[in-house]
Amino acid sequence: MAAEKSSSRGQAWFCTTGLPTDIVIEVGEMSFHLHKFPLMSKSRKLHQLITEREQKNGADGEEEEIEEVEEDFHHIPLPDFPGGAEIFEAAAKFCYGVKIEITAWNAAALRCAAEYLEMTEEFAEENLVSRTERFLAQSVLRSPRESVKALKSCEALLPMAEDLGLVQRCVESIATRPASADMSSLFGWPIKESSSGRAAAAADAKLQSAAAALWNGIDTGIRRKNGRRSTAASAAAAVAVDSWFEDLAALSLPFYKRVISAMRAKDLNADVIEGSLISYAKRSIPGLSRSNRHHNASTAAAASSGPLPSEAEQRELLETVITNLPQSKKSSSSSSGLVTTRFLFGLLRTANILRASEASRTALERRIASQLEHATLDDLLMPSYSYLVETLYDVDCVERIVGYFLEGLEERPATAAAAEEDADDDDDGEEEAGSSLCTDKNKLLVVGKLVDTYLSEIASDANLKPDKFCNLALLLPDHARMFDDGLYRSVDVYVKAHPRITEEEREKVCGVMDCQKLTLEACTHAAQNERLPLRAVVQVLFFEQLQLRRAIAGTLMAAEHEEEEEEEEDEAAEGARREGGGWRGAAAIRENQVLRLDMDSMRSRVQGLEKECSRMRKAIERMDRGAAAAAAGGRGKLARRFGCKFGTQVCVSHHRTVVAPRKS
């Protein structure tokens, strides 16, 4: 029977054996012209249907009606056949003894078809049920990638695939295999197969050398001398894991939720779960990443032939991803943190657009706050999608995230203190706690600079109220900023973009910065800034004087130190002259004389600066006693009163800079 041939003509399928067919099986729109004896020898269901028809015809006894009855007998419909006409064709070939190819894509469908046709071992040996079960157990369920393919095929076989336990077995295989092995060594061969044979062959050839190091998911020991896996094997493993993520992303949401739940129940590596969730979200939610929006949309369109999911489906998918994200990220690399933080901000923007639940958005904001130091300005610039908010960007959301970030910093020292008490003065525990505090300080400085940059960007928004600007600026503690130059730039941009605010509001906005923490460059710019209120200018000038006094004191100390060094050099030169004499000793004496003259010149300049600072201090004291008169006099009069002039400069500095002393 292995030599049986078949042919297809339109919507009909014929078995060409030289003998006329005596039965027609209808599956969907396809009619299969077959012979009843091969089918009856393998399928209990077809045997019963054909036998019932024969008994019915034999009981009728009138010959004139036999032709009409046989016409009805030749056609047997099989409604709701699992897998459709393609799977029935394979089952029919199996009944004729033709060798069929069982793969991960059709194994579940053939198993359901065998159950539908009752092709069991009790009815015939080596029947289709046992063949498919053996293939599933030996080839499909032992490999996560094959299990994903079989699970994907089960989506069109419900509810029979669920009743037979195929879905649960595939889910358990996907979750159990990665949990019992290292992900980098589990997938040592390309997972995703292209529909084109040429593309699949090219992918296999590309990773042929890398796959030699791994066979059936087992590391064969081909490693470098220093113990690291070869570059080709590592690249192959990375490509394989990414392909496995893409295969998982092809699952429907109900099946994917079951897979993720099973992974979490097996305590699978958090990085694996997170990587899978990211891949699934990028594939299923269009426009998730702002930078790769066009790429993601084209990828999703190419990967899915059906329409895009509805808004409700996207909301459910988004909340599923947010709920299943691991609470803590083990990886601490900055590059990994950057990618993940950008993805989380993309989820948050999408959650705001889709109006996800408040709990989901809060959980996402807290997750972002836990790694806010990896965020960028582009991440924070989230448009406001609410009709109730007038600002261009969602400032309230950023304020909540910064608040959650500060809460996390406050909780960590308490946790470290409790751990230190449990360690009973353990040296390692103290070192770890100190390192944690140092890391938190660095994180706070990074976030402080990020918030100042964000304030500078949103300060030009005409709808941004002074209270909202001040609340965000004052949210961070004082030690979050080493210098307030960035905050001063934000204030300058705000008062320039909002010229109609009242004087009281202007003073409130300027009050967010600490004039003591401005560098000399920022002080010089603020002293001639006509947009600042008079009180702020007075404070800037006063603290600028203090900075000059500190600089002078430092210069004097440096001069004394240099003078001491010169005396030591003189003694050394004198000793050299006495010992060897000659031109070297004379040259040293001349150099010392030149240095002494330079020191005298510097001392005179310092004295001049002290006199100028003294005059400025007296002028400021007089101005404090008559502020109203000074306000009426204007800024130009104040500058002339101090007897100093400042050149026009622009303050864009975020770091401490060295400013050359001004000549008196």
Side-chain angles (χ1 to χ4, degrees), residues 27-28 42-46 78-95 100-124 126-180 186-187 191-193 216-217 244-266 268 276 280 306 320:
V27 178
K42 292 290 185 180
S43 171
R44 185 192 301 273
K45 184 180 183 67
L46 293 178
L78 295 179
D80 301 328
F81 187 83
E86 182 179 357
I87 298 301
F88 181 80
E89 178 183 347
K93 289 181 178 180
F94 179 82
C95 293
I100 61 174
E101 181 182 4
I102 304 179
T103 64
W105 289 110
N106 65 5
L110 287 173
R111 176 65 182 87
C112 293
E115 188 71 19
Y116 183 92
L117 296 174
E118 300 180 18
M119 301 174 67
T120 62
E121 287 293 309
E122 292 79 4
F123 190 75
E126 289 294 323
N127 217 338
L128 189 57
V129 170
S130 61
R131 285 282 303 277
T132 52
E133 282 290 345
R134 186 163 56 249
F135 182 83
L136 287 169
Q138 295 179 357
S139 301
V140 175
L141 300 179
R142 290 185 178 183
S143 169
R145 68 164 188 175
E146 300 297 319
S147 299
V148 171
K149 296 176 184 178
L151 182 61
K152 177 65 178 177
S153 67
C154 289
E155 295 176 358
L157 303 174
L158 298 176
M160 181 174 287
E162 191 72 63
D163 297 338
L164 294 176
L166 296 177
V167 175
Q168 186 60 30
R169 290 162 66 186
C170 291
V171 169
E172 290 293 329
S173 172
I174 295 171
T176 303
R177 294 290 175 177
S180 61
L186 181 64
F187 305 102
I191 293 176
K192 185 177 180 182
E193 291 184 356
N216 198 23
W244 185 69
F245 287 160
E246 292 179 4
D247 290 343
L248 282 179
L251 296 174
S252 63
L253 183 58
F255 280 2
Y256 184 76
K257 291 171 67 174
R258 292 179 62 172
V259 171
I260 292 297
S261 299
M263 287 182 175
R264 294 172 63 91
K266 299 291 183 180
L268 194 62
S276 176
Y280 193 84
T320 299

Over all atoms of both residues, closest heavy-atom pair of V129 and A114: CG2-CB, 3.5 Å
Heavy-atom closest pair, residues V140 and S147: O-OG, 3.0 Å
Atom CD of E86: over 12 foreign heavy atoms under 6.0 Å: no
Evaluation steps, side-chain contact (heavy atoms from CB on, under 4.5 Å), between C112 and L166: CA-CA 9 Å; C112 293; L166 296 177; 4.0 Å; yes
Residue among L248, T320, L253 satisfying side chain to side chain contact (heavy atoms under 4.5 Å, CB included) with Y280: L253
Heavy-atom pair of closest approach, residues L78 and F88: CD1-CE1, 3.7 Å
Separation between CG of L158 and OG of S252, rounded to the nearest 0.5 Å: 8.0 Å
Backbone of L136 reached by a side-chain donor or acceptor of S139 within 3.5 Å: no
E172 and R169 ion-paired at < 4.0 Å: no
Salt bridge (charged side-chain N to carboxylate O under 4.0 Å, His left out): pairs with one or both residues in residues 105-114, sequence neighbours excluded: R111-E115, R111-E133
Side chain to side chain, C154 and F255, heavy atoms closer than 4.5 Å: yes
Atom pair OH/CD1 of Y256 and I174 - distance to nearest 0.5 Å: 11.0 Å
Sub-4.5 Å side-chain heavy-atom contact between C95 and M119: yes
Value rounded to 0.5 Å, distance of CG in L164 from CG in L157: 9.5 Å
Set of residues satisfying side chain to side chain contact (heavy atoms under 4.5 Å, CB included) with respect to R44, sequence neighbours excluded: Q48, E118, T120, E122, F123
Closest contact, heavy atoms only, L117 versus A91: CD1-CB, 4.1 Å
Side-chain donor-acceptor pair present, N127, S130, cut-off under 3.5 Å: no
Heavy-atom closest contact (S173 atom, S143 atom, distance): OG-O, 4.2 Å
Check: P82 and I87 side chains under 4.5 Å, non-hydrogen atoms: no
Beyond-backbone contact of K149 with K152, side-chain heavy atoms, under 4.5 angstrom: no
V259 side chain near V148 side chain, heavy-atom distance below 4.5 Å: no
E155 side chain near L251 side chain, heavy-atom distance below 4.5 Å: yes
Shortest non-hydrogen contact from E101 toward N106: O-ND2, 3.1 Å
Geometric class of the Y116/F81 ring pair [parallel <30°, tilted 30-60°, perpendicular >60°]: perpendicular
